[in-house]
Amino acid sequence: MTELTLLLIEDEPAMRRFLRASLAGHKLVEASTGAEGLLLAASRAPDVILLDLGLPDIDGLDVTRRLREWTTTPIIVLSARHQDDDKVAALDAGADDYLTKPFSLQELLARVRVAARHASGAAKTESVRHFGDLVVDLARRFVTRGGEDVRLTPIEWKLLATMVRSSGRVMTYQQLLREVWGPRYATQKQYLHVYVGHLRHKLEQDPTRPRFLLTDAGVGYRFKEE
Ligand code: CA
């Protein structure tokens, strides 16, 4: 990974120390309040923002909303277990991904790598995506598994293509329902579960232990990183 400028908005000194050590290969800009974070986001033009949800001044969810008024810089929220609802709200408000504390260095680096790749546009230029023996051609709209064509219905295709375009990143139930079925269906989770089941049967070796179409419990789904 090339050197990135990362903005960390986090009030806990111990968490800042951990991230400073973990992200030593990158330039880390630190803020301990939401207000400071908002200023630095504008003045330092970070590649990725790591945002704690529990800040002393402005709620992390509000920081997300305020950032999304003017920037598309990827936001990865850092949440504690008891902030699960806030985490989903932050994702629905435009955050790109999340990490639940405590998280591993490996998880952190994977999230940052995916976020930076999507932000750079590198993920958008190639229409053919490879996931092991699964090949998805977004331009020509076909899928093969082990070289065999997989037949999908229009809704199944739309759901798959939506997730593949964001591979490696979580998509909330609400985001998927809005994109695939439309805004009026944003709460109809049962449609999503049914179609995810169909896709898993067609794409996965063992649909009960998916390798591609992964569940993020209580949040949504994540297609495997390419
Ligand atoms: Ca905090």
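Note that ligands are numbered from 1 as they come in the structure, with each ligand's atoms numbered from 1 the same way.
A salt bridge links Arg68 with Asp96; the closest basic N to acidic carboxylate O contact falls under 4.0 Å. The residues Asp11 and Arg16 are annotated as not salt-bridged, no charged nitrogen and carboxylate oxygen being separated by less than 4.0 angstrom.
Proximity of Leu152 to Leu160: side-chain heavy atoms (C-beta onward) are separated by under 4.5 Å at one or more points.
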### Message
Please determine whether salt bridge (charged side-chain N to carboxylate O under 4.0 Å, His left out) holds for the pair Glu225 and Arg117, giving the CA-CA distance in whole Å, both sets of side-chain angles, and the decisive distance to 0.1 Å.
### Response
CA-CA 11 Å; Glu225 186 182 352; Arg117 197 181 63 214; 3.7 Å; yes

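For the Ca ion (ligand 1), protein N/O/S neighbours under 3.0 Å (waters excluded) are Asp11 OD1, Asp52 OD2, Gly54 O.
For Thr215 (side chain) and Ala217 (main-chain N/O), no donor-acceptor pair under 3.5 Å exists by modelled atom type.
With hydrogens and angles left out, the side-chain atoms of Thr172 and Asp92 include a donor and acceptor closer than 3.5 Å.
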